[in-house]
Number of protein chains: 2
Amino acid sequence: MSKRVTINDVAQAAGVSRQTVSRALNDKGEIDAGTKQRVLDAARELGYRPSRFARGLVRQDTTTIGLVIPDLLNPFFTEVAAGALEAARARGWHVIVYDTADSVDTERGTLEVVASQVDAVVGYFSLDEAELDTHLSGLPAVLIGREHRTPRFSSIRIEGAAGVREAVDHLVAKGHRRIGMLDYAGRAKPNSRRAWFADAMAAHGLADDAVGGAVQSVDGGTEALTSLLTKHPDLTAVFTFNDIIAIGALRAARRLGRTVPDDLAVVGFDGLQLGTVVDPALTSVALDTRRVGALAIEQAGRLLTDSPLLPDEELQVNAVLVIRESA
Amino acid sequence: MSKRVTINDVAQAAGVSRQTVSRALNDKGEIDAGTKQRVLDAARELGYRPSRFARGLVRQDTTTIGLVIPDLLNPFFTEVAAGALEAARARGWHVIVYDTADSVDTERGTLEVVASQVDAVVGYFSLDEAELDTHLSGLPAVLIGREHRTPRFSSIRIEGAAGVREAVDHLVAKGHRRIGMLDYAGRAKPNSRRAWFADAMAAHGLADDAVGGAVQSVDGGTEALTSLLTKHPDLTAVFTFNDIIAIGALRAARRLGRTVPDDLAVVGFDGLQLGTVVDPALTSVALDTRRVGALAIEQAGRLLTDSPLLPDEELQVNAVLVIRESA
DNA sequence: TTGAAAGCGTTACCAT
DNA sequence: ATGGTAACGCTTTCAA
């Protein structure tokens, strides 16, 4: 790496002082047009580029937020990221996107780095709060889609009980009685979506006995539905942990010769744009993903400026049923 | 924004000097265990977080690369981004992702900011080189999927002539003679893909008269194929500018009662993972998108360190035909 | 219009 | 083991 060209080099080349160079480069006025041009020429000549660190040190106004997501290739996270980027841009903030490659180890490493690179962090984390705290060493953080127990963190809550209830209501209204679920296989503890579904089924007095686990991928959904239907061939509808799995389920149904929605109704969760691309278009309990990202940024901003935080009820994003073609 | 806690505050609280604080926080050794603990406690107590600017200023080793893409929601760019992130992480570099919202104005604004935030930039730009240069003011830049004319820039070239030729060969081998193309409508000048297709058709002595323009979206593809088939109902196959448009075409074919691939063969371009999700799975002239991102990062790194640049022939990514179900 | 001096918060180097 | 001093590169007073 060749030695860095500094403002002093430019000053010397142009035969002026540093401060004059600074003025010329920042359009400060109070400078002779000729001098300015001379400085600009010298700067270009030398390939001078101001150090962002030195600049940041002096003017403390650059806010950078870290956005941590498990997988850039998962459209759900991309949609959330898009919302966050948009909200951040509106405030003139920067966003550094970190992809933890869905691995806990990578997450640890990432957090270590994140902590020294940004002013606040928002996103999806899998570490527990205690460990998160040690890696983050005081960095303001907003957890998405996950409750926080310690006041140390803030979080955006996904509320889907009503939406899932809507979905089951819809299925029941269509005459379905045997409704299964494709849950997420990767998580040890029972998750909210599973519970929401159980509640909704109970409300209709229906048996909630046909539940399979799916890996978080299209292929995972395909495999999971195939084996679920083997065990429970009488199912006429299935609710899935998310749209990715649902899309895999769509494919499995097709391969098994079941027409969707006539022979099997499928309802996903998330309401991804991707769901409009497949055929039949996916009926889904939809989240406003952009809003999720925007809220996280908003709250991070408040954390950063010690402004009053958003109240809990505003930190919640409600899912609603979006009926398309698959159910 | 409350006043910043500096290393001096911690030093004072712990009753030691700045340097000692620095040692304690950076695990430097040469420090008494008790002192270290005292410093750590004080730091935690005060909520001290080192300034990344001051740090960056003194240790000149943090490399940050800007990745500019038109649209985070477009899976093609996401795949490239994933490749870039991975390559950057392997080198211990940071990547800031910028989304230009597919707008030239946003691109201008973004570049202005980018220039003062990163050490180098890679990505997709729509501005011409002259304007790019003024906004970037000397920042090393790697343009993806686009030739550069001035030595000022470097670029990653997408070479699809052979792949498209393969695709047309394949279609012809299957008996197709009337093959149309859904080109990208947004670009004024004839683009490479259009030319590659024309050449491939010419090589077979086939008429290249059925070409429509599509907006860059699934809906765009649907509309475009619909109108193309209205004009040229005799088409039995169609090649599209990219997979997104191809997926829209798939949907249009279905709506028009044409079975794919029997009544109409469809070949996309890009080879997105998304193409395996739709039904029938998309046959496509595929690019190694991860490699595109990785190459861009590699070249940016060389630009940055004044290492010998990658030679032109290595800066090229070749597309190859991937046969799935749609053709 | 221009320049000199004083920081911004941190780490490296050299004493002690 | 600890502290003093000098950078790092830039912008912001304040004088001239």
Side-chain angles (χ1 to χ4, degrees), chain A residues 1-40 42-43 46-64 113 115-119 137-139, chain B residues 1-40 42-43 46-64 113 115-119 137-139:
Chain A
M1 182 104 61
S2 56
K3 199 168 294 134
R4 181 170 189 108
V5 179
T6 76
I7 196 171
N8 286 311
D9 301 327
V10 178
Q12 192 168 357
V16 298
S17 70
R18 300 208 281 267
Q19 311 48 303
T20 304
V21 175
S22 178
R23 285 194 194 94
L25 263 48
N26 296 305
D27 282 319
K28 282 287 180 187
E30 304 200 338
I31 184 175
D32 181 82
T35 313
K36 178 168 177 177
Q37 192 53 54
R38 196 149 39 87
V39 171
L40 259 28
L46 271 48
Y48 167 70
R49 305 201 334 96
S51 149
R52 66 173 180 283
F53 295 115
R55 247 192 192 157
L57 196 54
V58 171
R59 13 183 242 219
Q60 312 263 169
D61 52 0
T62 342
T63 300
T64 305
V113 181
S116 68
Q117 290 293 125
V118 303
D119 301 304
S137 55
L139 190 72
Chain B
M1 183 103 61
S2 55
K3 199 173 289 132
R4 173 163 200 113
V5 179
T6 75
I7 197 172
N8 285 310
D9 301 326
V10 179
Q12 192 169 353
V16 298
S17 71
R18 294 205 289 263
Q19 308 53 297
T20 304
V21 175
S22 179
R23 286 193 193 96
L25 264 48
N26 296 306
D27 281 319
K28 282 286 181 187
E30 304 201 341
I31 183 174
D32 181 82
T35 313
K36 179 169 178 177
Q37 193 52 54
R38 199 149 37 86
V39 171
L40 259 29
L46 271 48
Y48 167 70
R49 303 202 330 98
S51 150
R52 65 172 183 282
F53 295 114
R55 260 204 179 145
L57 194 54
V58 65
R59 16 182 239 217
Q60 312 263 171
D61 52 359
T62 342
T63 300
T64 305
V113 180
S116 68
Q117 289 293 125
V118 302
D119 302 305
S137 55
L139 189 73

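Since the structure is predicted, the reported quantities are computational estimates derived from the model, not experimental observations. Heavy atoms only: backbone and side chains are in, while hydrogens, waters and symmetry mates are out.
Applying a 4.0 Å cut-off to non-hydrogen atoms, the residues of residues 6-18 of chain A that approach DNA chain C are A:Val16, A:Ser17, A:Arg18, listed by residue number.
Rounding to whole angstrom units, CZ of residue B:Arg52 and C1' of C:dT11 are separated by 18 Å. Atom-to-atom, NZ of A:Lys28 to C1' of C:dT2 comes out at 16 Å; the value is rounded to the nearest Å. B:Asp27 has its CG atom 12 Å from the P atom of C:dT11, to the nearest Å. Whole-Å rounding puts the A:Gln37 CD to C:dT1 P distance at 16 Å. Rounded to an integer number of Å, the gap from B:Leu25 CG to C:dT11 P is 8 Å.
Under 4.0 Å is where a charged nitrogen must lie from a carboxylate oxygen, and between B:Arg4 and B:Asp9 no such pair does.
Between B:Arg49 and B:Val5 the shortest side-chain heavy-atom distance does not fall below 4.5 Å. You'll find the side chain of B:Leu25 reaches within 4.5 Å of the side chain of B:Leu40, heavy atoms only. Side-chain contact between B:Val118 and B:Thr63 is absent, with no heavy-atom pair separated by less than 4.5 Å. Proximity of B:Arg38 to B:Thr35: side-chain heavy atoms (C-beta onward) are separated by under 4.5 Å at one or more points. Contact annotation: the side chain of B:Arg55 approaches that of B:Asn26 to within less than 4.5 Å [non-hydrogen atoms, C-beta and beyond].
Along DNA chain D, the nucleotide nearest A:Ala54 and the nucleotide nearest B:Ala33 are compared for position; the residue whose nucleotide lies closer to the 5' end is B:Ala33. Nearest-nucleotide positions on DNA chain D for B:Arg23 and B:Val58 put B:Arg23 closer to the 5' end.
Looking at A:Arg23, its side chain never comes within 3.5 Å of a backbone N or O of A:Lys28 through a donor-acceptor pair.
Across all strands shown, A:Lys36 has no heavy atoms under 4.0 Å from either base or sugar-phosphate atoms.
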- request: With side-chain hydrogen bond (donor to acceptor under 3.5 Å, both in side chains) as the test, would you mind laying out the steps for B:Thr64 and A:Arg52 before giving the verdict?
  value: CA-CA 11 Å; B:Thr64 305; A:Arg52 66 173 180 283; 3.2 Å; yes
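A 6.0 Å sphere centred on CD of B:Gln12 holds no more than 12 heavy atoms belonging to other residues, nucleotides or ligands.
For C:dA4, its base sits under 3.5 Å from the side chain of A:Gln19 at one donor and acceptor pair at least.
In terms of phosphate contacts, B:Arg4 brings no side-chain nitrogen or oxygen within less than 4.0 Å of OP1 or OP2 of C:dG9.
Bounding nucleotides for the chain A contact on DNA chain D, 5' to 3', at a heavy-atom distance below 4.0 Å, are D:dG9 to D:dT12.
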